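What follows is one structure encoded as structure tokens, with my remarks underneath.
Everything quoted here is computed from the prediction, not taken from an experiment. This chain uses plain numbering: 1 for the first residue, then up along the sequence.
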Amino acid sequence: MKILYFILLAILLFNPGQASAKCPNRITNNLQEFKLLSAKLLPDRSVQVIWKNNQKIISLLQFDFPSNSNSQLKILANSLSKQLVKVAQNPKIKTINNDANLKIHKRLFRLVFTSSIKIPHSMEIAGIFSDSNCTEIIRYTDIQPSSNSESLNLAINLMKLILDKD
């Protein structure tokens with residue numbers, strides 16, 4: 001099994017054009033204390049990368065085809081919000097759009113987040129990033145965060161780190 005993992009990783013690292021049509025290869029990014037857990041080429045040719053440390057998980061999903069319209073991105077955001085509601089068992093989703101006052105990242109379409117009401121408590125945060133070449137979702141889970149605002153700030157900083165290292 002390890003051999004297959006290394007073959008897939010080698011294909012993604014050395015030939016990122018096969019992994020995703022126009023998205024940059026972000027697998028080699030070093031994420032501070034996070035370790036690369038998996039890198040998968042999904043059946044629809046999208047790429048999923050997962051990093052993990054003790055109580056935090058980051059996943060990156062790069063779609064093979066970018067979302068070319070605002071309506072497609074809104075559908076994606078609604079689907080992502082429903083997923084977070086289900087995982088956190090909390091219907092109170094908060095969103096942040098990329099406006100002039102809060103410039104998180106130039107490619108940000110929407111950031112959605114909620115804190116779980118189940119035990120153990122967690123903070124679920126996901127960002128949809130898109131341009132004409134690439135659509136990506138970065139999801140961050142912080143299990144038993146010290147504070148929701150600290151967890152949100154850390155997630156935003158890690159998302160910027162992933163997106164800005166090309």
Side-chain angles (χ1 to χ4, degrees), residues 12 16 19-27 29 31 34 37-52 55-118 120-145 147-166:
L12 294 173
S20 184
K22 299 175 184 173
C23 291
N25 179 7
R26 303 192 195 285
I27 296 169
N29 288 359
L31 295 179
F34 289 83
L37 191 61
S38 72
K40 296 179 188 175
L41 181 60
L42 302 176
D44 68 351
R45 295 192 41 83
S46 296
V47 175
Q48 181 183 41
V49 182
I50 300 172
W51 296 271
K52 184 179 189 280
Q55 301 266 325
K56 297 168 181 51
I57 302 167
I58 301 171
S59 69
L60 166 68
L61 180 61
Q62 295 179 320
F63 293 98
D64 188 37
F65 298 102
S67 298
N68 295 321
S69 70
N70 221 12
S71 64
Q72 288 177 329
L73 289 170
K74 285 180 182 177
I75 291 168
L76 185 59
N78 287 337
S79 175
L80 188 58
S81 295
K82 288 177 185 175
Q83 184 183 65
L84 292 186
V85 163
K86 189 174 182 177
V87 168
Q89 298 176 351
N90 184 356
K92 297 178 183 176
I93 291 285
K94 297 178 181 164
T95 63
I96 297 174
N97 292 329
N98 216 21
D99 61 16
N101 297 329
L102 186 63
K103 200 71 172 162
I104 293 174
H105 193 273
K106 62 185 177 194
R107 294 182 58 236
L108 177 69
F109 172 73
R110 187 165 295 150
L111 189 71
V112 294
F113 58 98
T114 189
S115 58
S116 72
I117 56 176
K118 62 182 186 171
H121 174 69
S122 69
M123 186 74 178
E124 303 289 337
I125 304 161
I128 300 171
F129 300 88
S130 187
D131 58 26
S132 61
N133 293 321
C134 182
T135 298
E136 300 170 293
I137 294 176
I138 300 176
R139 183 168 163 196
Y140 175 80
T141 300
D142 191 352
I143 300 169
Q144 300 207 10
S147 78
N148 288 348
S149 62
E150 182 180 310
S151 186
L152 183 60
N153 287 333
L154 179 60
I156 290 169
N157 289 335
L158 286 168
M159 289 176 187
K160 287 178 185 178
L161 181 66
I162 291 168
L163 293 168
D164 291 339
K165 279 193 167 183
D166 289 330

Using the rule given for side chain to side chain contact (heavy atoms under 4.5 Å, CB included), can you reason through Ile58 versus Ile162, listing the C-alpha separation, both sets of side-chain angles and the distance that settles it, and then say yes or no? CA-CA 10 Å; Ile58 301 171; Ile162 291 168; 3.7 Å; yes
Test log, rule side-chain hydrogen bond (donor to acceptor under 3.5 Å, both in side chains), inputs Thr141 and Glu124: CA-CA 5 Å; Thr141 300; Glu124 303 289 337; 2.8 Å; yes
Please assess Asp164 against His105 for the test side chain to side chain contact (heavy atoms under 4.5 Å, CB included), listing each intermediate value before the final yes or no. CA-CA 9 Å; Asp164 291 339; His105 193 273; 2.9 Å; yes
Val49 vs Ser38, side chain to side chain contact (heavy atoms under 4.5 Å, CB included): CA-CA, chis, key distance, verdict: CA-CA 6 Å; Val49 182; Ser38 72; over 6 Å; no
Please test Ile57 against Phe34 for side chain to side chain contact (heavy atoms under 4.5 Å, CB included), starting from the C-alpha separation and ending with a verdict. CA-CA 8 Å; Ile57 302 167; Phe34 289 83; over 6 Å; no
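For Gln55 and Gln144, the side-chain atoms include no donor-acceptor pair closer than 3.5 Å.
The CG atom of Asp142 sits 8.5 Å away from the NE2 atom of His121 when rounded to the nearest 0.5 Å. How far CG of Asn148 is from CZ of Phe113: 9.0 Å, rounded to the nearest 0.5 Å. Atom CD1 of Ile137 and atom CG of Leu80 lie 5.0 Å apart (nearest 0.5 Å). With values rounded to the nearest 0.5 angstrom, Ser130 atom OG is found 12.5 Å from Arg110 atom CZ. Expressed to the nearest 0.5 Å, how far CD1 of Ile138 lies from CD1 of Ile156 amounts to 11.5 Å. To the nearest 0.5 Å, the span separating CD1 on Ile96 from CG on Leu152 amounts to 5.5 Å.
Distance alone, capped at 3.5 Å, is enough to place a donor-acceptor pair between the Thr135 side chain and the Ser67 backbone. Between the side chain of Arg139 and the backbone N or O of Leu84 there is no donor-acceptor pair closer than 3.5 Å. Remark: the backbone N or O of Ala77 is paired with a side-chain donor or acceptor of Ser81 at under 3.5 angstrom. Judged by distance alone, with hydrogens and angles left aside, the side-chain atoms of Glu136 form no donor-acceptor pair with the main-chain N or O of Gly127 at under 3.5 Å. Of the possible polar contacts, none joining the Lys56 side chain to the Pro145 backbone as a donor-acceptor pair under 3.5 Å is found. When atom types are taken as modelled, the side chain of Thr114 and the backbone of Ile93 share no donor-acceptor pair closer than 3.5 angstrom.
Sorted by first and then second residue, the salt bridge (charged side-chain N to carboxylate O under 4.0 Å, His left out) pairs involving residues 71-92 (not counting sequence neighbours) form an empty list.
Within the 4.5 Å cutoff, no side-chain heavy atoms of Tyr140 are placed close to those of Ser59. Ser116 has its side chain within reach of Ser122: a pair of non-hydrogen atoms, C-beta onward, lies under 4.5 Å apart. Taking the side chain as every heavy atom from C-beta outward, Leu37 and Trp51 never approach each other to under 4.5 Å. The side-chain heavy atoms of Ile128 and Leu73, taken from C-beta on, include a pair separated by under 4.5 Å. At a threshold of 4.5 Å between non-hydrogen side-chain atoms, the residues Leu76 and Phe109 do not count as touching. Using a 4.5 Å heavy-atom cutoff, the side chains of Leu111 and Ile125 are in contact. Looking at Val47 and Lys40, their side chains never come closer than 4.5 Å, going by heavy atoms from C-beta outward. A 4.5 Å side-chain heavy-atom check between Gln48 and Ile50 finds at least one atom pair inside the cut-off.
Between Arg107 and Cys134, the shortest heavy-atom distance links the atoms NH2-O, 2.9 Å. Taking every heavy atom of both residues into account, Pro66 and Gln72 meet most closely at O-OE1, 4.5 Å.
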